[in-house]
Amino acid sequence: MVPSLLPFTLLTFTPMNFTDELVQWYLQNKRDLPWRNTTDAYVIWLSEIILQQTRVEQGLPYFYRFVEKYPDVSSFAAAAEDEVLKLWQGLGYYSRGRNMLKTARLVQEQYHGKFPQSYDELIKLKGIGEYTAAAIASFSANEAKAVVDGNVYRVLARYFGIDEPINSTGGKKTFQTLANNLLNKKNPALHNQAMMEFGAMLCKPKNPACGICPVHTGCAAFLSNATTFLPVKLKTVKVRERFFNYFLVTNDDAVLMNKRGDKDIWANMYDLPLVETDSLLPLNELPGLPRVQEIFGPGLTISSDAVPVQKHILTHQRLYIRLIKTTPKPVKLEENWFYSTIENLQNLALPKAVFILIKNIFNL
DNA sequence: AACTCGGGGGA
DNA sequence: TCCCCAGAGTT
């Protein structure tokens, strides 16, 4: 079909299909984001990992910092884990940072520092799942793989009126298949960007801008006034409550710190000596705990000016945290405890909650 | 298939 | 408060 030979009127009244409309909308409304100006798979990888479950505005400053500090795979591969986690501090989901280091080192070794561009190679790497593999492959090499992120789920669920839960096994398959079928094989990168940007900017979770939507006349959710109910998501599990009693132990110009293990939250990051309880104990009951006596011996006195309990909300946990100032030193130091100078604290990756807890005390 | 892993922003 | 964010790994 040669468009220029078609009668003008026919062209004019030939409706664009759904995805063409979104691409058209995208070209006129897209944000200027730094990772859209490159096809460097390494840089795109950086951006995609940072943006997992993270808003663009929140991830942007981290993206700039990582690109500057690690401009290529080899510089990233040469980093220490503590350094990466420190740079990641405050962004959350810290396994992303740890997995990035593993992947950077593997790419450096096995791919001689050249970041893979094909979906099949990418999907093997730590921290890269279906979405991220499709994103890197399409954006760096225009490979025909459809991305399905939170935005795409929402756009497809609404436009096609799909009420299958997006976080069920069947639902994921349904939406991935639909996205694959819709994909513009001629320009996968542009198509993928358009789908996501449209979901992020116009077809928003709350108060979508249906009034200015280019495809609302074909949107099942709009036509049945059901945008509020789509997409459907299965209920998440309950939130666990935890009570953290941190102990502030100083020694001249040093403070006793702990390096966390790799199982719980904040893996491999740093906090203070911790005694966790299953309820919020009154301060004066703490010295009676076996665990506390094990650490401090008998006769622990607790200063009355303990920092009040602070509440920290995580996805699956509500943390009640307080900082306790003690007089006696611990009778024994545990495996992962060490004294850090105040100066050195700025080199340690601290969870946000811990950072807040001690920043005023040490002027961090 | 369910659970775990952060932190922030909007309504 | 609740929900969501350019999801992935583990159990």
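Chain identifiers are assigned alphabetically (A, B, ...) following the order of the sequence lines, protein sequences preceding nucleic acid strands; residue numbering begins at 1 within each chain.
Contact annotation for A:Gln193: base contact, defined as any heavy-atom pair under 4.0 Å involving a base atom. Across all strands shown, A:Asp264 has heavy atoms under 4.0 Å from sugar-phosphate atoms exclusively, and none from any base. Nucleic acid contact for A:Lys235: sugar-phosphate only, since backbone atoms but no base atoms lie under 4.0 Å from a heavy atom of the residue. A:Thr132 comes within 4.0 angstrom of sugar-phosphate atoms only, judged by non-hydrogen atoms across all strands, and of no base. Using a 4.0 Å heavy-atom cutoff across all strands shown, A:Ser95 reaches no nucleic acid atom at all. Note on A:Val56: only backbone sugar-phosphate atoms sit closer than 4.0 angstrom, heavy atoms only; bases stay farther off. Among the atoms of the strands shown, none is found under 4.0 Å from any heavy atom of A:Gly59. Residue contacts shown for A:Ile49 are absent, as no nucleic acid heavy atom lies under 4.0 Å away. Residue-level contact check: A:Lys206 touches the bases, meaning some heavy atom is under 4.0 Å from a base atom. Among the protein residues, A:Trp88 comes within range of no part of the nucleic acid, since none of its heavy atoms lies under 4.0 Å from any strand. Here A:Arg318 lies out of heavy-atom contact (under 4.0 Å) with every strand. Heavy atoms of A:Gly92 sit under 4.0 angstrom from at least one base atom. Nucleic acid contact for A:Leu319: none, since no nucleic acid atom lies under 4.0 Å from a heavy atom of the residue.
The nearest heavy atom of DNA chain B to A:Leu350 and to A:Leu234 marks one nucleotide each, and the one closer to the 5' end goes with A:Leu234. Residues A:Arg31 and A:Ile128 both approach DNA chain C. Their nearest nucleotides, taken by heavy-atom distance, put A:Arg31 toward the 5′ side. For the pair A:Lys126 and A:Ser47, both in contact range of DNA chain C, the more 5′-proximal nearest nucleotide belongs to A:Ser47.
A salt bridge links A:Glu197 with A:Arg31: the distance from a Lys NZ or Arg NE/NH1/NH2 to an Asp or Glu carboxylate oxygen falls below 4.0 Å. Remark: A:Arg260 engages A:Asp264 in a salt bridge, criterion side-chain N to carboxylate O under 4.0 Å.
Summarising the geometry, the separation between NE2 on A:His316 and P on B:dA2 is reported as 13 Å, rounded to the nearest angstrom. Following rounding to the nearest Å, A:Arg158 (CZ) and C:dC4 (P) show an atom-to-atom distance of 10 Å. Separating the CD1 atom of A:Ile356 from the P atom of B:dG8 is a distance of 7 Å, rounded to the nearest angstrom. Atom pair A:Asn167:CG and B:dT4:C1' shows a separation of 14 Å (rounding to whole Å applied). With rounding to whole Å, A:Gln53 atom CD is found 10 Å from B:dG6 atom C1'. Between the P atom of C:dC5 and the CD atom of A:Glu197 lies a distance of 14 Å, rounded to the nearest Å. Here B:dG7 presents its P atom at 12 Å from CG of A:Leu85, a figure rounded to the nearest Å.
When the nucleotides B:dC5, C:dC4, B:dA1 are ranked by their closest atom to the side chain of A:Thr169, B:dA1 comes out on top. In the set C:dA6, B:dC5, C:dA8, the nucleotide with an atom closest to the side chain of A:Tyr93 is B:dC5.
Nucleotides C:dG9 and B:dG8 place their P atoms 24 Å apart, quoted to the nearest Å. Rounded to whole Å, the P atom of C:dA6 lies 14 Å from the corresponding atom of B:dA11. Across the C1' atoms, B:dG6 and C:dC3 are found 15 Å apart, a figure rounded to whole Å.
In this entry B:dG10 has C:dC2 as its Watson-Crick or G-U wobble partner, both defining distances falling under 3.5 Å.
Remark: the A:Asn225 side chain and the A:Thr227 side chain contain no N/O donor-acceptor pair separated by less than 3.5 Å. In this model, no donor atom of one side chain and acceptor atom of the other lie less than 3.5 Å apart for A:Tyr131 and A:Gln176. Counted by atom type alone, A:Asn187 and A:Asn184 present zero donor-acceptor pairs between their side chains at under 3.5 Å.
Look at A:Tyr153 and you won't find any side-chain N or O under 4.0 angstrom from OP1 or OP2 of C:dC5.
For A:Arg96 against B:dC5, no side-chain N or O and base N or O form a donor-acceptor pair under 3.5 Å.
Remark: A:Arg65 is positioned above the aromatic ring of A:Tyr62, its terminal NZ or CZ atom under 6.0 angstrom from the ring centre and at most 45 degrees off the axis.
Counting only heavy atoms from C-beta outward, the side chains of A:Phe296 and A:Val275 never approach each other to under 4.5 Å.
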